S.K.: 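This is the structure I want to talk about, given as structure tokens.
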Amino acid sequence: MKTGRGKWIILFALSCSTGFFAWRYYLAERQFAAASFVHHQIETTQKSYIDGVSDVRSLAMRLNFLRGYYEHEMQFVTHPVLRESLERNYRQTLTNAMVVLRGLTNDLGNDPDAWIDRYGK
């Protein structure tokens with residue numbers, strides 16, 4: 001009788017540990033997927049809208065999209081190294097966008113909100 005009970009205890013412990021590791025894998029995978037998506041949107045904004053910008057309105061609309069997308073997806077990224085890297089790239093993209101916008105029109109300052117309110121909606 002002890003032998004059967006021991007097998008069930010071991011089976012239960014293995015099931016719990018497998019479930020725990022599967023859950024941790026899911027969380028890590030979701031985090032890296034969110035980081036990858038954010039990175040892709042930052043790169044797209046930099047390459048297609050800042051480096052190859054055609055007009056102020058499209059860049060302002062893209063910044064509005066990028067800001068919302070960034071804020072939503074970053075809630076899933078908790079790893080400090082990933083988060084810091086993405087934040088640095090995001091801030092650099094905003095800075096680059098402000099330089100381009102100020103070069104195209106009158107100066108509305110360094111606040112992306114002012115540009116988005118005027119041109120991006």
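Just so we're clear, the structure is a prediction, and the values are computed from it rather than from any experiment.
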S.K.: Rounded to the nearest 0.5 Å, what separates atom CZ in R62 from atom OG1 in T44?
M.R.: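 Reported to 0.5 Å precision, the distance equals 5.5 Å.
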
S.K.: Is any side-chain heavy atom of I42 closer than 4.5 Å to a side-chain heavy atom of V38?
M.R.: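 A side-chain contact under 4.5 Å exists here.
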
S.K.: Under the side-chain contact (heavy atoms from CB on, under 4.5 Å) criterion, do L63 and M98 qualify, and how do the steps go?
M.R.: CA-CA 10 Å; L63 287 179; M98 294 300 102; 3.7 Å; yes

S.K.: In the structure I gave you, are the side-chain heavy atoms of L108 and L101 within less than 4.5 Å of one another anywhere?
M.R.: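 A side-chain contact under 4.5 Å is absent here.
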
S.K.: Would E87 and R83 pass as an ion pair if we require N to O under 4.0 Å?
M.R.: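 Yes.
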
S.K.: Please determine whether side-chain contact (heavy atoms from CB on, under 4.5 Å) holds for the pair Y49 and V100, giving the CA-CA distance in whole Å, both sets of side-chain angles, and the decisive distance to 0.1 Å.
M.R.: CA-CA 10 Å; Y49 291 87; V100 169; over 6 Å; no

S.K.: Find out whether F32 and L82 are in side-chain contact, i.e. whether some heavy atom of one side chain is under 4.5 Å from a heavy atom of the other.
M.R.: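 F32 reaches L82 side chain to side chain.
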
S.K.: Connecting only ILVMFWY residues whose side-chain heavy atoms lie within less than 4.5 Å of each other, what is the rest of F21's hydrophobic cluster?
M.R.: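 Traced through the cluster, F21 reaches F20.
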
S.K.: Do W115 and R102 come close enough that some side-chain heavy atom pair is under 4.5 Å?
M.R.: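 Yes. Closest side-chain heavy atoms under 4.5 Å.
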
S.K.: Determine whether a donor-acceptor pair (N or O, by modelled atom type, separation under 3.5 Å) exists between the side chain of T95 and the backbone of R91.
M.R.: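 Pair found, side chain donor or acceptor close to backbone of R91.
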
S.K.: Return the minimal non-hydrogen interatomic distance between A35 and V77, and the atom names on each side.
M.R.: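 Shortest heavy-atom contact: N-CG2, 3.8 Å.
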
S.K.: Nearest 0.5 Å please: distance from the CG atom of L11 over to the SG atom of C16.
M.R.: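 One gets 9.5 Å once the value is rounded to the nearest 0.5 Å.
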
S.K.: Show every salt bridge (charged side-chain N to carboxylate O under 4.0 Å, His left out) that has at least one partner inside residues 29-41, sequence neighbours left out.
M.R.: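 Every salt bridge (charged side-chain N to carboxylate O under 4.0 Å, His left out) pair that includes a residue of residues 29-41, provided the two are not neighbours, is R30-E73.
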
S.K.: Distance check, rounded to the nearest 0.5 Å: E43 atom CD versus I50 atom CD1?
M.R.: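 Here the interatomic distance stands at 10.5 Å.
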
S.K.: Just so I know, are the side chains of R118 and V56 near enough to count as touching, which here means a heavy-atom distance under 4.5 Å?
M.R.: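 A side-chain contact under 4.5 Å is absent here.
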
S.K.: Do T105 and Y119 pass the side-chain contact (heavy atoms from CB on, under 4.5 Å) test, and can you show the C-alpha distance, the side-chain angles, and the key distance before you say yes or no?
M.R.: CA-CA 11 Å; T105 68; Y119 296 104; 4.0 Å; yes

S.K.: Looking at side-chain heavy atoms only, is the closest gap between F37 and H40 below 4.5 Å?
M.R.: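 Of all side-chain heavy-atom pairs linking H40 with F37, none is under 4.5 Å.
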
S.K.: How far apart are the closest heavy atoms of H72 and Q75, and which atoms are they?
M.R.: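 Shortest heavy-atom separation between H72 and Q75 comes out as O-CG, 2.9 Å.
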
S.K.: Report the distance from atom CG of N89 to atom CD of Q46, rounding to the nearest 0.5 Å.
M.R.: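 If we round to the nearest 0.5 Å, N89:CG and Q46:CD are 9.5 Å apart.
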
S.K.: Report yes if some heavy atom in the side chain of Y69 is under 4.5 Å from a heavy atom in the side chain of Q41; otherwise report no.
M.R.: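 Yes, close enough: below the 4.5 Å cut-off.
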
S.K.: Does one hydrophobic cluster hold both L104 and L66, with members joined at side-chain heavy-atom distances below 4.5 Å?
M.R.: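 Yes, it is one cluster - the side chains of L104 and L66 are joined through contacts under 4.5 Å.
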
S.K.: Using a 4.5 Å cut-off on heavy atoms from C-beta on, say whether the side chain of D51 contacts that of N96.
M.R.: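 With C-beta onward as the side chain, the pair stays apart.
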
S.K.: Within the distance-only criterion (no hydrogens, no angle test), does the side chain of S48 pair as donor or acceptor with the backbone N or O of T45 below 3.5 angstrom?
M.R.: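 It does not hold such a pair.
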
S.K.: Given side-chain contact (heavy atoms from CB on, under 4.5 Å), test Y90 with L86 step by step and report yes or no.
M.R.: CA-CA 6 Å; Y90 175 71; L86 287 172; 6.0 Å; no

S.K.: Please report the closest heavy-atom contact between L59 and A97, naming both atoms and the distance.
M.R.: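 In terms of heavy atoms, the two residues are closest at CD2-O, 4.0 Å.
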
